[in-house]
Trainee: 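Take a look at this one; I'll ask things after.
Being a predicted model, the structure only gives us computed values, none of them experimental.
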Amino acid sequence: MPRKASALAPGWWDYTTLDPSIIAEAAALTPEALLKLSRPGFTVTFHDTLEDFYCAQALEYIEAWRQATPDNPTGICGPIGPTEQLPLVARMVNALDLKLSDAHFWGMDEWIIDGKVPSVDHPLSFERCDRELCFNRIRPELVMPDSNLHFPSENHEIFEKTWDAGIRCVVMQGGQGDVKHWAFNDPLPRTGAYTDAPPTPEEYRKLKTRIVDLHPVTIAQNARTSGGGNVSLVPTRAVTVGPRETWLADRVSIWQAGVHDNPFGQRLTALMISKRYIDTSVPMSLLADHPDVRFHYYRGGLGTCAVEMH
């Protein structure tokens, strides 16, 4: 029997098509219960202040880059959203005199506009954000060569090959979107073979770096977080790192300060990963099968799922 239609975008899959019992279980989670969802392979950590939250996130960059040697290059795959950690990364590198000649960085994703990624002059360019907030602030004698910075483009096969070039990804960082994605791994449209059911986890896990059409909720979210709510500013397509590359990272860490996803969403994905409720209408739930996933929360951003009229 076909699953119910999405309450958000009827032509797409998303978390509103889940069994109502999962929705209710997630909404009932208190912060204390959320913290207890940790299990082997999945760790939940709370940070009491935003200063501690973003410093801990920045330190993952330092951890990854300090392991790099000429014979063992290492790197980190990092997000745009959150971005507050990026200036802290540059400050830490400079303070530690950390030479990054053997270190690498992968950008997670980028917009596609008229078939191509935007230039770094475009105000919404993710590469521009990474460079301006982090890499351009690192002292020239310390920063890695430009060839060690890997940003996805419309020629995504080039980016994809860097994951097979002998560079170890110590950690893939991410935020979480309203549609429960990491990078732009959104749920798929409800068409063709996926009209009655979303793709199987095995099918979704095979997806590589690719150009995708964005879920309407993702477009609305990026308008809210990056464009002052002006949806017309936000591209409807993007290039994104895939699950295939994600499983090449030693660790996946997700950082939730309460800015990008709401109190319910922050609870739902942790529950599904902890209990292994894997369903591709909630792409983040696939991380239940990764061997080392860590969720970091700002305690003050957890909010409540109780009904409050505003």
Side-chain angles (χ1 to χ4, degrees), residues 38-45 56-69 71-83 85-86 89 100 102-110 126-127 130 134-135 144 148-152 156-177 180-186 201-202 204-210 212 238-256 269-270 272-274 276 278 280 282-296:
S38 292
R39 59 162 174 77
F42 177 57
T43 305
V44 176
T45 299
Q57 187 177 5
L59 281 168
E60 284 199 331
Y61 287 70
I62 305 304
E63 174 194 359
W65 290 341
R66 289 183 77 168
Q67 298 178 44
T69 66
D71 296 329
N72 181 30
T74 60
I76 184 170
C77 181
I80 298 297
T83 60
Q85 76 282 0
L86 293 173
V89 172
L100 302 178
D102 301 307
H104 288 253
F105 173 82
W106 290 271
M108 295 191 82
D109 40 29
E110 185 59 273
F126 290 177
E127 180 177 348
D130 278 317
C134 184
F135 298 107
M144 69 272 288
N148 289 16
L149 297 174
H150 312 292
F151 295 103
H156 52 83
E157 295 86 357
I158 297 174
F159 176 84
E160 185 183 326
K161 288 179 180 178
T162 65
W163 290 85
D164 299 313
I167 309 157
R168 181 168 62 91
C169 182
V170 176
V171 58
M172 179 181 287
Q173 280 192 354
Q176 176 173 299
K180 323 310 170 205
H181 65 202
W182 80 101
F184 279 128
N185 291 296
D186 284 6
E202 292 75 20
Y204 201 103
R205 273 276 306 274
K206 293 177 182 178
L207 296 176
K208 304 178 181 180
T209 300
R210 65 209 185 280
V212 297
V239 57
T240 184
V241 68
R244 179 258 182 187
E245 289 79 29
T246 302
W247 260 256
L248 294 175
D250 293 351
R251 180 197 317 158
V252 178
S253 68
I254 305 298
W255 297 79
Q256 305 205 55
T269 52
M272 295 184 74
I273 292 172
S274 176
R276 301 186 188 277
I278 303 175
T280 62
V282 180
M284 288 283 287
S285 71
L286 273 75
L287 296 178
D289 285 336
H290 191 283
D292 187 1
V293 176
R294 306 184 190 186
F295 269 31
H296 293 261

Trainee: For residues W255 and E60, determine if any side-chain heavy atom of one lies less than 4.5 Å from a side-chain heavy atom of the other.
Mentor: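 Side chain of W255 against side chain of E60, heavy atoms only: contact under 4.5 Å found.
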Trainee: Quick check: closest heavy atoms across W65 and A103, and the distance to 0.1 Å?
Mentor: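 The pair with the smallest heavy-atom distance is CD1-CB, 3.4 Å.
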Trainee: What I want to check is whether the side chains of W182 and T246 have a donor and an acceptor closer together than 3.5 Å.
Mentor: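 Judged by distance alone, the side chains do pair up.
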Trainee: Less than 4.5 Å apart, side chain to side chain, heavy atoms only: is that true for V293 and H290?
Mentor: yes
Trainee: For the ring pair F105 and F135, is the centre-to-centre distance below 6.0 Å?
Mentor: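 Yes, they do, as the ring centres are separated by less than 6.0 Å.
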Trainee: Specify the closest pair of heavy atoms between E202 and K206, including all atoms of both residues, with the distance to one decimal.
Mentor: O-CG, 3.4 Å
Trainee: How long is the span from the CG atom in D250 to the CG atom in D292, to the nearest 0.5 Å?
Mentor: 8.0 Å
Trainee: State, with a plain yes or no, whether a side-chain heavy atom of E245 is found less than 4.5 Å away from one of K208.
Mentor: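 Yes. Closest side-chain heavy atoms under 4.5 Å.
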Trainee: I would like to know whether V89 and C134 meet side chain to side chain contact (heavy atoms under 4.5 Å, CB included); could you show each step before the answer?
Mentor: CA-CA 7 Å; V89 172; C134 184; 3.8 Å; yes
Trainee: So which atom in P152 and which in G107 form the shortest heavy-atom distance, rounded to 0.1 Å?
Mentor: CD-O, 3.5 Å
Trainee: Identify the two heavy atoms, one from G78 and one from Y61, that lie closest to each other, and give their separation to 0.1 Å.
Mentor: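 Heavy-atom minimum between the residues: CA-OH, 3.9 Å.
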Trainee: Side chain of T280, backbone of P283: donor and acceptor closer than 3.5 Å?
Mentor: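 Pair absent, no side-chain N/O of T280 close to backbone of P283.
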Trainee: Is any side-chain heavy atom of V239 closer than 4.5 Å to a side-chain heavy atom of F159?
Mentor: no
Trainee: So if I apply the side-chain contact (heavy atoms from CB on, under 4.5 Å) rule between D109 and each of V212, N185, T240, which one comes out positive?
Mentor: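 It is T240, the one option of V212, N185, T240 that forms the side-chain contact (heavy atoms from CB on, under 4.5 Å) with D109.
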Trainee: Closest heavy-atom contact between G175 and P82?
Mentor: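 The answer is CA-CD, 4.1 Å.
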Trainee: The test is side chain to side chain contact (heavy atoms under 4.5 Å, CB included); show your working for V170 and I76 and say whether it passes.
Mentor: CA-CA 6 Å; V170 176; I76 184 170; over 6 Å; no
Trainee: Measuring from atom CD of Q173 to atom CZ of R251, what distance do you get when rounded to the nearest 0.5 angstrom?
Mentor: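 Atom-to-atom, Q173:CD and R251:CZ are 9.0 Å apart.
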Trainee: With a 4.5 Å heavy-atom cut-off, do L286 and R205 have their side chains touching?
Mentor: yes
Trainee: Quick one: does L149's side chain get under 4.5 Å of D130's, heavy atoms only?
Mentor: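 No, their side chains stay 4.5 Å or more apart.
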Trainee: Are the charged groups of R66 and D102 less than 4.0 angstrom apart, N to O?
Mentor: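 No, R66 and D102 are not salt-bridged.
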Trainee: Indicate yes or no for a side-chain donor-acceptor contact from E110 to the backbone of F126 under 3.5 Å, with no hydrogens or angles considered.
Mentor: yes
Trainee: Rounded to the nearest 0.5 Å, how far apart are CZ of R168 and OG1 of T74?
Mentor: 6.0 Å
Trainee: Quick check: do P79 and Q85 have side-chain heavy atoms less than 4.5 Å from each other?
Mentor: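 Yes, close enough: below the 4.5 Å cut-off.
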Trainee: Decide, yes or no, whether a salt bridge links E160 with R210 under the criterion of side-chain N to carboxylate O below 4.0 Å.
Mentor: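 The answer is no: the pair does not qualify as a salt bridge.
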Trainee: Going through the distances and angles, do F184 and M108 end up as a side chain to side chain contact (heavy atoms under 4.5 Å, CB included)?
Mentor: CA-CA 8 Å; F184 279 128; M108 295 191 82; over 6 Å; no
Trainee: Run the side chain to side chain contact (heavy atoms under 4.5 Å, CB included) test on C77 and W163 for me, step by step, so that the C-alpha distance in whole Å, both residues' side-chain angles and the decisive distance to 0.1 Å come before the verdict.
Mentor: CA-CA 11 Å; C77 181; W163 290 85; 3.9 Å; yes
Trainee: Just how far is it from atom NE2 of H150 to atom CD1 of I158, taken to the nearest 0.5 Å?
Mentor: 12.5 Å
Trainee: Measuring from I254:CD1 to L287:CG, what's the distance to the nearest 0.5 Å?
Mentor: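 That separation rounds to 6.0 Å.
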Trainee: State, with a plain yes or no, whether a side-chain heavy atom of M172 is found less than 4.5 Å away from one of W106.
Mentor: no
Trainee: Which residues satisfy the side chain to side chain donor-acceptor pair (under 3.5 Å) test with S285, sequence neighbours excluded?
Mentor: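 Side chain to side chain donor-acceptor pair (under 3.5 Å) check on S285 returns nothing, list empty.
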Trainee: Working to the nearest 0.5 angstrom, can you tell me the gap between I273 CD1 and F42 CZ?
Mentor: 5.0 Å
Trainee: Under the side-chain contact (heavy atoms from CB on, under 4.5 Å) rule, collect the residues that match up with R276, sequence neighbours excluded.
Mentor: R39, A288, D289
